[in-house]
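Encoded as structure tokens, the structure appears first; notes follow it.
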Amino acid sequence: CPAPLCRTLPRPPPSLACGAGGTRRWTSSFSQPGPTESDPGEGQVFLSESCVKRLLEITEGSEFLRLQVEGGGCSGFQYKFSLDTVINPDDRVFEQGGARVVVDVDSLAFVKGSMVDFSQELIRSSFQVVSNPQAEKGCSCGTSFSVKF
């Protein structure tokens, strides 16, 4: 599995692996240091029910999923997921059903309008960014993409 996070996570039972529900918007509804998602013009991040369910299974206490975009990968940019507990001043916090994702403002420009999903297949399970309106094309494994100009 190319994503470091999926190697360390236990697999969920098949009944919790993929939700059949629709897309949800992360909205902030808690008081934490750092800015929260409040201005719709700044962008938003959506997530699937399977993502929410998996985050609730693997996070403890103040942990959340951090989504970053870095240069690299076979298409120019790549998604990086990690569990974190520190919210920085330039982070935007999104929450859904008690599960949280944090995206720094620079990365948010590359993923605004996207959906975060949790996918489980025979050979891997991972968080993925799907339906990214900022991406022109991506690699077959879904970890890298090129940006629309």
Side-chain angles (χ1 to χ4, degrees), residues 1-73 77-135 138-139 141-145 147:
C1 175
L5 186 59
C6 67
R7 286 193 295 270
T8 62
L9 301 177
R11 292 184 180 236
S15 62
L16 297 177
C18 294
T23 301
R24 302 275 170 111
R25 178 174 185 241
W26 290 81
T27 57
S28 61
S29 60
F30 59 94
S31 176
Q32 290 287 336
T36 59
E37 182 62 34
S38 57
D39 181 358
E42 289 185 37
Q44 49 187 302
V45 174
F46 301 90
L47 67 132
S48 68
E49 284 196 29
S50 62
C51 177
V52 172
K53 286 181 184 179
R54 186 62 178 149
L55 282 174
L56 292 175
E57 291 172 351
I58 65 172
T59 56
E60 298 177 358
S62 62
E63 283 185 315
F64 54 82
L65 182 69
R66 177 173 294 281
L67 167 58
Q68 295 174 288
V69 174
E70 299 178 336
F77 293 94
Q78 59 189 0
Y79 303 111
K80 179 181 176 188
F81 292 97
S82 60
L83 292 179
D84 199 350
T85 58
V86 177
I87 299 173
N88 301 313
D90 71 333
D91 287 338
R92 299 297 178 259
V93 179
F94 302 91
E95 181 180 30
Q96 171 64 39
R100 297 184 295 164
V101 69
V102 172
V103 183
D104 64 88
V105 72
D106 293 333
S107 296
L108 186 59
F110 293 98
V111 296
K112 61 185 175 184
S114 298
M115 181 173 70
V116 178
D117 189 27
F118 178 75
S119 173
Q120 183 169 7
E121 302 168 6
L122 288 175
I123 60 172
R124 78 174 193 172
S125 59
S126 63
F127 290 100
Q128 298 177 341
V129 174
V130 296
S131 304
N132 183 351
Q134 310 309 314
C139 67
C141 66
T143 59
S144 70
F145 65 101
V147 180

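When reading the values below, keep in mind they use all heavy atoms of this one structure, side chains included, and skip hydrogens, waters and symmetry mates. Not measured: the values here are computed from a predicted model.
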Could you walk me through whether Leu65 and Thr59 pass side-chain contact (heavy atoms from CB on, under 4.5 Å), step by step? CA-CA 8 Å; Leu65 182 69; Thr59 56; 5.9 Å; no
Which heavy atom in Val86 sits nearest to a heavy atom in Arg66, and how many Å separate them? O-NH2, 2.8 Å
Val103 side chain reached by Val111 side chain, heavy atoms, under 4.5 Å: yes
Here the gap from Tyr79 atom OH to Ser114 atom OG, rounded to the nearest 0.5 Å, amounts to 5.5 Å
Considering all heavy atoms of both residues, which atom of Glu63 and which atom of Arg100 are nearest to each other, and what is their separation? O-NH2, 3.7 Å
Have a look at Leu108 and tell me which of Val45, Asp90, Leu67, Asp91 forms a side-chain contact (heavy atoms from CB on, under 4.5 Å) with it. Val45
Rounded to the nearest 0.5 angstrom, the CG-CZ distance for Leu83 and Phe64 is 9.0 Å
With a 4.5 Å cut-off on side-chain heavy atoms, are Phe118 and Ser125 touching? yes
Start with the C-alpha gap between Phe94 and Val116, add the side-chain angles, then the distance that decides, and say whether side-chain contact (heavy atoms from CB on, under 4.5 Å) holds. CA-CA 11 Å; Phe94 302 91; Val116 178; over 6 Å; no
Nearest-0.5 Å distance that lies between atom OG in Ser107 and atom NZ in Lys80: 10.0 Å
So, using side-chain contact (heavy atoms from CB on, under 4.5 Å) as the criterion, who are the partners of Ser131 when residues are at least two apart? none
Residues Leu55 and Ala99: closest non-hydrogen pair is CB-CB, 3.8 Å
Between CZ of Phe127 and OG of Ser50, what distance do you get to the nearest 0.5 Å? 8.5 Å
From CA spacing to verdict: side-chain contact (heavy atoms from CB on, under 4.5 Å), Phe110, Asn132: CA-CA 8 Å; Phe110 293 98; Asn132 183 351; 5.6 Å; no
Quick one: does Gln134's side chain have a donor or acceptor within less than 3.5 Å of a partner on Lys112's backbone? yes
Taking every non-hydrogen atom, the tightest pair across Pro89 and Arg92: O-NH1, 4.1 Å
